[in-house]
Engineer: 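Let me begin by handing over the structure; questions about it come next.
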Amino acid sequence: LTIVAFAPESFDSADARDSYYGSLRSRVTAAADADSKRVMDGCPQSKREFCTIEARRIREAKDAALAALDQNRASARIGK
């Protein structure tokens, strides 16, 4: 799961910050969910255990990315 985004140095308001990070959270969630669905939908029955492990790794990566976004949001500067 790779999404590259460069946060502004500061935000004009808390609403602007929240909107920015909310948008990134939505992108991360949508990308991870699509990857997980692709893995499971394309998985042959004989490889189901492997695919389940891969889907779990995708969910764990999503959770880590969302936690990092929350941390960045909490430390984001508001105002110039």
Engineer: When Ile, Leu, Val, Met, Phe, Trp and Tyr are grouped by side-chain heavy atoms lying under 4.5 Å apart, directly or through other members, which residues fall in the same group as Ile78?
Structural biologist: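 Taking Ile, Leu, Val, Met, Phe, Trp and Tyr as members, Ile78 stands alone, with no cluster partners.
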
Engineer: Do Met40 and Ile58 share a hydrophobic cluster (ILVMFWY, side-chain heavy atoms under 4.5 Å, transitive)?
Structural biologist: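 Yes; Ile58 is reachable from Met40 via cluster members.
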
Engineer: What pairs of residues pass the disulfide (SG to SG under 2.5 Å) test when at least one of them lies in residues 45-80, not counting sequence neighbours?
Structural biologist: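 Every disulfide (SG to SG under 2.5 Å) pair that includes a residue of residues 45-80, provided the two are not neighbours, is Cys43-Cys51.
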
Engineer: For Asn72, check side chain to side chain donor-acceptor pair (under 3.5 Å) against everything at least two apart and list the hits.
Structural biologist: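 For Asn72, no residue satisfies side chain to side chain donor-acceptor pair (under 3.5 Å) once neighbours in sequence are set aside.
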
Engineer: Any chance you could measure Asp63, atom CG, to Thr29, atom OG1, to the nearest 0.5 Å?
Structural biologist: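 It comes to 9.0 Å.
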
Engineer: Locate the shortest heavy-atom distance separating Lys62 from Val28; write the atom from each residue and the value.
Structural biologist: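 Closest approach of Lys62 to Val28, heavy atoms only: CG-CG1, 4.1 Å.
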
Engineer: Side chain to side chain donor-acceptor pair (under 3.5 Å): which pairs involve residues 40-54, sequence neighbours left out?
Structural biologist: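 The answer is Lys37-Asp41.
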
Engineer: Quick one: ring pair (Phe, Tyr, Trp, His ring centres under 6.0 Å) pairs with a partner in residues 51-80, sequence neighbours left out?
Structural biologist: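 Residue pairs with at least one partner in residues 51-80: there are none.
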
Engineer: Only pairs under 3.5 Å count here: list side-chain donor-acceptor contacts from residues 12-25, not counting sequence neighbours, and write none if there are none.
Structural biologist:
from	atom 1	to	atom 2	distance (Å)
Asp12	OD1	Lys80	NZ	3.3
Ser13	OG	Asp15	N	3.4
Ser13	OG	Ala16	N	3.1
Asp18	OD1	Arg73	NE	2.9
Asp18	OD1	Arg73	NH2	2.9
Tyr20	OH	Phe6	O	3.3
Tyr20	OH	Ala7	N	3.3
Arg25	NH1	Asp70	OD1	2.8
Arg25	NH1	Asp70	OD2	3.3

